[in-house]
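The structure appears right after this line, and notes come after that.
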Amino acid sequence: MLKAPDGSTMFDMPTACYGSAVRTPYGILLPPGGKVAAFVRSTGAQNNDDSYIKGNQVATLAAGLKRVRAGLGDTVVVLPGHTETVSDATMLDELETGTSILGVGRGSAMPTFTFAATAAQWTLDKADVVVSGLRLDLGGANGVTKAIICTAADNTIAGCDIIMATSSSLDAVIGIEAGAGSTRFALLGSYLRGSTDAVTDGVKIVSAVDGIEIGNCRMQFAATEVNGLVHVTAAATNLWFHHNSFANIVASSTACIVLDDVASTGLFEHQSYSTLNNGTV
């Protein structure tokens with residue numbers, strides 16, 4: 001909701017991400033002091049692009065991240081129709097604290113990153129990073145070992161379309177891992193989907209961190225029967241899973257969320273669950 005200086009409401013402003021920069025139907029709002037560091041589009045300049053976009057456009061996300069200033073709330077905007085292949089673990093090497101990576105476009109125009117090698121990986125190892133509005137296809141190779149890993153505080157993935165598997169030979173082993181240092185990691189408003197071919201772990205929490213939030217997500221993919229779509233293997237505290245829909249669509253699935261025998265704490269509320277342990281929903 002945007003307010004005028006006198007405090008009155010000007011108009012409601014639904015948002016598609018949470019964090020520093022905010023992507024809205026009316027454009028991208030930048031925090032004071034922040035700037036658009038780069039526009040990313042693999043197909044280059046388009047007819048009638050204005051001079052500002054043309055002068056700040058790069059072809060790859062890595063090139064855009066090189067233009068970001070650390071800790072100042074800068075944004076890399078990934079433009080509609082952008083496609084890029086993740087072939088190793090170096091694409092986010094230039095990531096800086098406080099960066100927002102915001103995709104623009106929906107449906108077939110949604111910017112797409114395909115993880116096309118077993119070693120393909122995005123590592124969120126800087127704090128206060130927001131990734132939003134992207135299609136992340138983790139099913140571009142046979143067993144992507146660990147597609148996305150978070151090892152820094154206050155990172156957010158929001159409003160993304162995340163494909164876990166497209167066939168038995170094109171899938172992730174681990175989709176998203178929250179590791180040591182990932183305090184207050186948030187996965188929000190995203191659609192995690194896939195074929196009936198199982199990944200080992202969809203979202204895996206492997207460290208005793210505090211305050212991880214998963215909210216307003218739809219998870220409808222196949223994961224190992226006993227691991228579930230979300231697997232907590234360490235004594236994470238103050239977990240908050242809310243307003244999610246879970247469906248483990250692997251044959252004979254028995255779990256959507258699994259907590260190992262660890263001293264985790266938190267709240268699970270306002271959620272729905274579906275498994276197929278007897279062959280039917």
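Sequence positions, counted from 1, serve as the residue numbers for this chain.
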So which atom in [X] and which in [Y] form the shortest heavy-atom distance, rounded to 0.1 Å?
| X | Y | value |
| --- | --- | --- |
| G139 | D137 | N-OD1, 2.9 Å |
| K126 | E96 | CB-C, 3.8 Å |
| G159 | S190 | N-OG, 3.3 Å |
| L95 | V129 | CD2-CG2, 4.0 Å |
| P111 | G105 | CD-O, 4.3 Å |
| I205 | I212 | CG2-CD1, 3.8 Å |

Sequence neighbours excluded, which residues qualify as side-chain contact (heavy atoms from CB on, under 4.5 Å) partners of D88?
->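 For D88 the side-chain contact (heavy atoms from CB on, under 4.5 Å) partners, ignoring immediate neighbours, are T90.
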
D261, CG: over 12 other non-hydrogen atoms inside 6.0 angstrom =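 No, CG of D261 has 12 or fewer neighbouring heavy atoms, counting only those of other groups under 6.0 Å.
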
NZ (K66) with more than 12 external heavy atoms under 6.0 Å |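 No, not enclosed.
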
Evaluate the side chain to side chain donor-acceptor pair (under 3.5 Å) criterion for residues N216 and H243: first the C-alpha distance (whole Å), next the side-chain angles of each, then the deciding distance (0.1 Å), finally the verdict.
-> CA-CA 5 Å; N216 296 294; H243 300 93; 4.7 Å; no

Pair D161 + R193: basic N to acidic O under 4.0 Å =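 Salt bridge between D161 and R193, a charged N being under 4.0 Å from a carboxylate O: yes.
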
Any salt bridge between E177 and K146, counting N to O under 4.0 Å?
->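 Between K146 and E177 there is a salt bridge, with a charged N closer than 4.0 Å to a carboxylate O.
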
N248 vs T275, side chain to side chain donor-acceptor pair (under 3.5 Å): CA-CA, chis, key distance, verdict | CA-CA 5 Å; N248 189 347; T275 59; over 6 Å; no

Mind checking what makes ring pair (Phe, Tyr, Trp, His ring centres under 6.0 Å) contact with Y191, not counting sequence neighbours?
->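 Partners of Y191 by the ring pair (Phe, Tyr, Trp, His ring centres under 6.0 Å) criterion come out as none, since no residue qualifies.
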
Is the shortest heavy-atom distance from the side chain of V78 to the side chain of L134 under 4.5 Å?
->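 A side-chain contact under 4.5 Å exists here.
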
Option from T156, I148, L192, V230 for which side chain to side chain contact (heavy atoms under 4.5 Å, CB included) with L187 holds |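 Testing L187 for a side chain to side chain contact (heavy atoms under 4.5 Å, CB included) against T156, I148, L192, V230 leaves exactly one candidate, L192.
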
For the side chain of R69 and the backbone of L72, is there at least one donor-acceptor N/O pair under 3.5 Å apart?
->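 Not confirmed, R69 side chain does not pair with L72 backbone.
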
Within the 6.0 Å centroid threshold, strictly below: W122 and F113 |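 Ring-ring flag for W122/F113: true, centres closer than 6.0 Å.
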
